[in-house]
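Every chain is numbered from 1 and lettered A, B, ... according to where its sequence line falls, protein lines coming before strand lines. Small disclaimer: the values here were computed from a predicted structure and weren't measured. Just so it is clear, the values below take in all heavy atoms, side chains as well, and ignore hydrogens, waters and symmetry mates.
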Amino acid sequence: MLNVGYACIALGVPGTQLKTCRLSNASYNTLVSLTAHNLGALEAMLNYNIREGIRLFRISSDIIPFASHPDIHFPWRENFASQFKKLGDLIRSSGIRVSMHPGQYTLLNAKDAGVTERSIVDIRYHASLLEALGTDKTNKIVLHIGGVYGDKAASIQRFKSHFLELNTDIRRRIVIENDDRHYHIGDVLDIAAALGIPAVFDNLHHQLNRCGGTDAYWINACRPTWDSRQKVHYSQQARDKKPGAHSDTIDIQEFMDFYNSLSSRDLDIMLEVKDKNISAIKCMLCTDSNKNMTKLELE
DNA sequence: CCGCGTCAAGTTCAT
DNA sequence: ATGAACTTGACGCGG
């Protein structure tokens with residue numbers, strides 16, 4: 001069965017807007033109130049997903065403001081334990097698969113020990129949030145490999161050794177994705193094989209940072225790395241914008257060409273597109289993934 | 001109250 | 001060597 005999902009925010013749904021603040025205003029009381037608000041917004045997004053039959057969703061890293069900032073120590077997990085339990089029950093009972101994706105400044109393979117340490121703290125925060133929600137290890141954290149630092153082989157080696165320093169519970173959540181500049185899907189698959197972790201194929205990154213082969217070829221190549229339902233990232237180039245810029249909406253013809261090229265439709269497709277849930281629903285309607293079984297599977 | 005400059009993070013690339 | 005870009009909306013200050 002095909003699942004289509006979207007990332008972090010739901011457009012046009014009341015009560016789902018996340019809030020944040022400037023570091024200079026991040027007092028204890030501000031953090032408590034923003035976190036309470038954001039957990040309510042997350043609940044509204046989950047309920048919306050349930051209403052619409054959306055079973056794949058990326059939780060924003062910004063749910064807990066400055067959660068992994070070195071100067072801020074706010075016991076969010078303890079303070080909101082009952083709220084996390086409620087949200088976790090909602091996720092599990094509805095069968096929504098969630099994920100998280102740390103930002104561009106989280107670099108597990110950094111040369112600087114301080115940068116690496118802060119990145120590990122950030123990865124721990126993401127894992128902790130998924131744990132607080134009581135989700136199992138099929139609910140993943142997506143990482144890129146990171147920087148090159150003038151020596152790709154050494155930087156890949158640093159990624160591997162820093163990864164192996166993480167504890168097992170965190171390692172089992174990590175999946176790695178090709179990026180649009182430095183580490184193409186071939187690199188990522190090699191690293192994934194060496195570490196025994198899943199590889200996420202991103203079609204737009206592959207378009208910008210190629211290593212031969214069609215989307216379908218590489219999706220098939222990534223498939224055996226998964227310990228659970230395979231997931232890919234799908235996006236389209238925004239016309240008239242810089243290479244890599246995500247489109248405002250999904251061009252459905254282009255999406256259907258991609259969909260029809262797949263060898264297997266037993267797949268989770270995370271859309272990265274500006275109109276978020278709108279395009280997710282559009283793609284679901286066009287692929288019958290809003291039903292329990294596709295026509296293909298019924299034949 | 002509105003408008004717009006600025007924002008926590010690190011690497012890479014352009015100037 | 002210095003600074004913008006990345007990606008982005010929203011915060012929040014100044015007028």
Side-chain angles (χ1 to χ4, degrees), chain A residues 6-27 29-35 37-38 40-42 45 58-74 76 100-126 141-152 154-156 158-159 162 177-184 187 202 204-205 207-209 233-249 270-279:
Chain A
Y6 66 99
C8 304
I9 56 177
L11 298 183
V13 184
T16 62
Q17 199 149 327
L18 298 179
K19 288 187 178 182
T20 184
C21 68
R22 296 293 164 87
L23 182 58
S24 57
N25 299 325
S27 67
N29 286 341
T30 301
L31 292 171
V32 168
S33 113
L34 291 175
T35 299
H37 172 93
N38 289 347
L42 176 58
M45 284 190 264
R58 182 189 299 163
I59 297 175
S60 169
S61 300
D62 299 328
I63 291 285
I64 316 293
F66 300 104
S68 59
H69 193 283
D71 300 332
I72 289 180
H73 300 96
F74 162 58
W76 52 269
M100 297 190 79
H101 191 6
Q104 59 191 317
Y105 302 114
T106 300
L107 297 156
L108 184 57
N109 79 339
K111 275 178 96 167
D112 181 280
V115 173
T116 299
E117 181 50 34
R118 287 190 289 280
S119 297
I120 289 173
V121 168
D122 191 50
I123 292 167
R124 285 203 197 108
Y125 151 63
H126 286 83
I141 296 168
V142 182
L143 295 181
H144 290 292
I145 304 307
V148 170
Y149 307 88
D151 184 343
K152 197 165 175 180
S155 297
I156 288 173
R158 266 197 319 281
F159 182 90
H162 294 168
E177 180 195 350
N178 57 314
D179 67 73
D180 59 357
R181 301 158 74 82
H182 308 305
Y183 296 95
H184 58 50
D187 296 326
D202 181 302
L204 185 58
H205 293 162
Q207 204 171 294
L208 294 156
N209 185 16
H233 288 180
Y234 180 83
S235 59
Q236 295 173 348
Q237 173 65 47
R239 293 181 174 80
D240 315 323
K241 289 201 183 165
K242 288 173 195 166
H246 292 149
S247 61
D248 289 340
T249 191
M270 175 59 69
L271 299 183
E272 295 181 324
V273 58
K274 294 218 178 156
D275 70 354
K276 305 283 179 182
N277 49 308
I278 309 299
S279 275

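Distance A:Ile64 CD1 to B:dA8 P: 19 Å, rounded to the nearest Å. Nucleotide B:dT11 holds its P atom 16 Å from the CD1 atom of A:Ile145, rounded to whole Å. As a whole-Å value, the separation of A:His144 NE2 from B:dT12 P is 14 Å. Look at CD on A:Glu117: it is 13 Å from P on B:dG10, rounded to the nearest Å. Computed from coordinates, the A:His69 NE2 to B:dG10 P distance equals 9 Å when rounded to whole Å. For the pair A:Ile120 CD1 and B:dA9 P, the interatomic distance rounds to 18 Å; values are reported in whole Å. Atom C1' of nucleotide B:dT11 and atom CZ of A:Arg158 are separated by 12 Å, given to the nearest angstrom. Counting to the nearest Å, the P atom of B:dT12 and the NZ atom of A:Lys152 are 12 Å from each other.
When distances are taken from the side chain of A:Val148 to each of B:dT11, B:dA8, B:dT12, the shortest belongs to B:dT12. Nearest to the side chain of A:Arg22, among B:dG10, B:dT6, B:dC13, sits B:dT6.
Between A:Tyr149 and B:dT11 there is a side-chain N or O to OP1 or OP2 distance below 4.0 Å.
Here the closest non-hydrogen pair linking A:Pro65 and A:Lys19 is CG-O, 4.3 Å. Nearest heavy atom pair, residue A:Ile59 against residue A:Ile63, reads CG2-CG1, 3.7 Å. Considering all non-hydrogen atoms of both residues, A:His246 and A:Ala238 come closest at O-CB, 3.3 Å.
B:dA8 makes up no base pair with any nucleotide shown, lacking Watson-Crick or G-U wobble contacts both under 3.5 Å. When both distances must be under 3.5 Å, the Watson-Crick or G-U wobble mate of B:dC2 is C:dG14. Figure legend. C:dT8 is base-paired to no nucleotide; pairs are counted as Watson-Crick or G-U wobble with both atom distances under 3.5 Å.
As judged by a 4.0 angstrom heavy-atom cut-off over every strand, A:Gly147 is placed among residues touching the sugar-phosphate backbone only. Using a 4.0 Å heavy-atom criterion, one finds that A:Thr20 contacts the sugar-phosphate atoms exclusively. Residue A:Asp112 is classed as having no contact, given no heavy-atom separation below 4.0 Å to the nucleic acid.
Residue whose closest nucleotide on DNA chain C sits further toward the 5' end, between A:Lys242 and A:Asn25: A:Lys242. Judged by closest nucleotide on DNA chain C, A:Ile9 is the one of A:Cys21 and A:Ile9 placed further toward the 5' end.
In summary, the side chains of A:Thr20 and A:Asp62 do not present any donor paired with an acceptor at a separation below 3.5 Å, with no hydrogens or angles considered. A donor and an acceptor atom, one from each side chain of A:Ser155 and A:Asn109, are nowhere located under 3.5 Å apart.
Taking atom P on both B:dA8 and C:dG12, the two are 10 Å apart, rounded to the nearest angstrom. Taking atom P on both B:dC4 and C:dT7, the two are 25 Å apart, rounded to the nearest angstrom. To the nearest whole angstrom, the two P atoms, one in B:dT6 and one in C:dG3, are 14 Å apart. Between C:dT8 and B:dC2, the distance separating the two P atoms is 27 Å to the nearest Å.
Relative ring orientation between A:Trp76 and A:Tyr125 is described as perpendicular, the plane-to-plane angle rising above 60° on a 0-90° scale split at 30° and 60°.
The ring pair (Phe, Tyr, Trp, His ring centres under 6.0 Å) test with A:His144 is passed by exactly one of A:His205, A:His184, A:His182: A:His205. Checked against A:Asp180 for a side-chain contact (heavy atoms from CB on, under 4.5 Å), the options A:Leu208, A:Asp202, A:Leu204 give a single hit: A:Leu208.
The span of DNA chain C lying next to chain A, judged by atoms under 4.0 Å from heavy atoms, is bounded 5' to 3' by C:dA5 to C:dG12.
Of the inter-residue distances, the one linking A:Leu108 atom CG with A:Ile123 atom CD1 reads 4.5 Å to the nearest 0.5 angstrom. Taking CD1 of A:Ile9 as the start and CG of A:Leu18 as the end, the distance is 7.5 Å to the nearest 0.5 Å.
Against DNA chain B, the stretch residues 271-279 of chain A makes no heavy-atom approach under 4.0 Å.
When side chains are defined from C-beta on, A:Thr106 counts as touching A:Ser119, because their heavy atoms get closer than 4.5 Å.
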